[in-house]
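Structure first, commentary second.
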Protein chains: 2
Amino acid sequence: MSDIPWSPPPVLLAVDLVILTLRSAQLHVLLVERGIDPHKGRHALPGGFLNNADEDLLAAAHRELREEANLDATHLHLEQLGAYGAPGRDPRGRVVSVAYLAIAPGLPEPEAGTDAAGAAWRPVRDVDSGGLELAFDHRQILADGIERARTKLEKSALATAFCGETFTIAELQQVYEAVWGTRLDPRNFYRKIQGIPGFIVPAGSERRTTGGRPAQLFRRGPQTVLFPPLNRPPSPSVNRTDP
Amino acid sequence: MSDIPWSPPPVLLAVDLVILTLRSAQLHVLLVERGIDPHKGRHALPGGFLNNADEDLLAAAHRELREEANLDATHLHLEQLGAYGAPGRDPRGRVVSVAYLAIAPGLPEPEAGTDAAGAAWRPVRDVDSGGLELAFDHRQILADGIERARTKLEKSALATAFCGETFTIAELQQVYEAVWGTRLDPRNFYRKIQGIPGFIVPAGSERRTTGGRPAQLFRRGPQTVLFPPLNRPPSPSVNRTDP
DNA sequence: AAAATAGTGTCTTTCAGACAATATTAG
DNA sequence: CTAATATTGTCTGAAAGACACTATTTT
């Protein structure tokens with residue numbers, strides 16, 4: 001009675017992760033080198049098939065994050081990007097992959113003898129310059145992940161997920177500059193950030209040295225929605241009534 | 001060699017549609033009444049299982065749009081919302097649903113003896129007021145679809161997808177007001193719209209009567225990205241340094 | 001004429017961006 | 001001291017929102 005009328009075709013479900021971080025002011029993505037045959041030896045996003053039929057999608061993403069990237073879910077942003085299911089994307093059969101975007105603070109190389117051997121941070125620039133080819137449709141998934149991060153920086157407090165527990169306003173600015181690929185005026189940025197209630201809160205009156213005047217340290221504030229928003233400067237490619 | 005190591009669990013893949021339109025200045029969604037047992041008799045989003053293992057996800061969405069809603073893909077916006085795959089969401093087994101958002105211009109009731117019998121436009125308000133309960137997790141999917149539409153109105157030309165071939169600026173304003181749930185000043189709206197290059201273009205100097213001075217008719221322009229954007233007025237619930 | 005809707009002009013406040021100036025550290 | 005970075009102040013032009021006003025129709 002509660003059965004399915006005509007037996008629809010089963011598919012295999014995978015989870016792929018776009019894990020972004022900032023290393024020396026450059027946007028990096030975690031890639032693994034594939035050890036088995038479809039695209040063997042090529043770089044790919046971390047991911048894998050569902051463990052069992054009862055595993056939740058988000059839980060599977062967390063598991064892959066732990067297994068393949070050796071990253072714990074503590075203080076880490078994780079959200080769904082979407083489903084990628086073009087019929088020919090995996091030669092082994094019909095595989096639909098649900099992609100997730102993860103943002104991590106700057107971390108050391110995951111190499112060593114951990115579970116995550118073979119995983120390494122790669123500059124995003126290397127991928128979209130074409131110098132590094134990805135397996136499957138992972139280049140598209142990565143592009144979608146970056147675009148999602150870009151737009152979410154405008155109206156959400158996502159940027160703090162790139163930072164450690166405490167951070168300076170200049171560090172926060174580096175996040176915006178790296179993800180957006182633009183330069184921002186430090187003075188205007190400073191005032192703008194300070195003008196968003198609840199975005200960041202002072203963390204003791206501590207400091208940190210870099211060569212000039214020490215900067216105040218902050219931590220994430222309670223507000224997750226940014227108002228007023230930080231608008232990404234218009235790319236010079238768009239329309240405009242240029243005189 | 002190119003086989004899958006340990007046989008991951010297969011899942012059933014479905015496609016669900018959030019089809020939005022405007023009817024008498026109110027946001028409506030197309031719902032069907034379920035004829036079979038899981039949630040039989042309850043309202044649900046149109047959708048269904050993948051036809052065969054080679055069917056593309058977007059193609060399946062188009063097919064369901066045709067079969068269940070009797071809508072052709074001509075001049076109709078269709079984009080993916082995401083995957084919904086919580087383990088318990090369908091009692092028949094592990095079903096992962098990929099949801100799509102469709103925007104249609106105001107259309108007559110789909111009833112009659114068509115394929116789409118049992119489908120009907122329902123005011124969105126009836127659903128999120130709790131007066132109308134949906135099957136599965138469709139209430140969440142609908143909410144996500146509406147939120148997506150709301151944010152896309154700001155920076156894309158999506159609003160014109162709610163209108164017919166030609167439309168007045170006042171009609172366009174009704175779209176924004178209905179989707180955002182706000183009131184806008186007609187005069188400022190008029191100037192703002194006219195100030196976005198390529199958004200709308202005059203369609204002949206025709207007119208249309210409603211009781212007052214006739215309005216110019218427009219059609220969609222070539223621009224899909226709106227600059228400057230139309231920002232949704234801040235909801236009174238957010239933060240603010242109110243004196 | 002009165003009512004209704006379309007479209008224009010203008011003013012005020014707010015905000016983004018440019019950039020001078022000051023503060024506080026290291027070397 | 002000089003170099004470097006952090007933080008504050010000021011100015012200007014663009015844009016948002018309020019709202020008076022004009023234009024063109026129906027009744």
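Sequence lines set the chain letters: A, B, ... in the order given, protein chains first and strands last, and positions in each chain run from 1. Computation of the quantities below employed the complete heavy-atom set of this structure, encompassing side-chain atoms and omitting hydrogens, waters and symmetry-equivalent molecules.
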| Roughly, in whole Å, what's the span from CD in Q216(A) to C1' in dT25(C)? | 15 Å

| Under 4.0 angstrom between K192(A) side-chain N/O and dC15(C) OP1 or OP2 | no

| Nearest-Å distance, CD1 (I193(B)) to P (dA15(D))? | 15 Å

| said: Nearest heavy atom decides the nucleotide; on that basis, is G211(A) or R191(A) closer to the 5' end of DNA chain C? | reply: R191(A)

| request: For L172(A) and dA6(D), give me the distance from atom CG to atom P, rounded to whole Å. | output: 13 Å

| query | Which nucleotide in the set dT24(C), dA6(C), dT25(D) lies at the smallest distance from any side-chain heavy atom of A170(B)? | reply | dA6(C)

| said: For F189(B), is there any backbone N or O sitting under 3.5 Å from a side-chain donor or acceptor partner on Q173(B)? | reply: no

| Gap between atoms CD and P, on E171(A) and dT5(D) respectively (whole Å) | 13 Å

| When the distance from CD of Q173(B) to C1' of dT5(C) is rounded to whole Å, what number comes out? | 12 Å

| said: Can you measure R232(B) atom CZ to dA16(D) atom P for me and round it to whole angstrom units? | reply: 16 Å

| When rounded to the nearest 0.5 angstrom, what distance separates CD in E64(A) from CG in L45(A)? | 11.5 Å

| remark: Contact check, residues 182-190 of chain A vs DNA chain D, heavy-atom distance under 4.0 Å, returns R187(A), Y190(A)

| said: Nearest 0.5 Å, please: how far is OG1 in T168(B) from CD in Q216(B)? | reply: 10.5 Å

| task | Assign the ring pair H138(B) / F136(B) to parallel, tilted or perpendicular, where the plane angle (0 to 90°) is split at 30° and 60°. | result | tilted

| said: How many whole angstroms separate atom CZ of R207(A) from atom P of dA23(C)? | reply: 16 Å

| field | K152(A)/E147(A) ion pair, N-O < 4.0 Å | value | no

| Near E133(B) CD, under 6.0 Å, is it more than 12 heavy atoms from other residues, nucleotides or ligands? | no

| task | Using atom CZ of R213(A) as one end and atom C1' of dA21(C) as the other, report the distance to the nearest whole Å. | result | 13 Å

| task | Select from Q194(A) and N231(B) the residue whose nearest nucleotide in DNA chain D is closer to the 5' end of that strand. | result | Q194(A)

| task | Give a yes or no on whether the backbone of T21(B) and the side-chain of W121(B) come within a donor-acceptor separation of less than 3.5 Å. | result | no

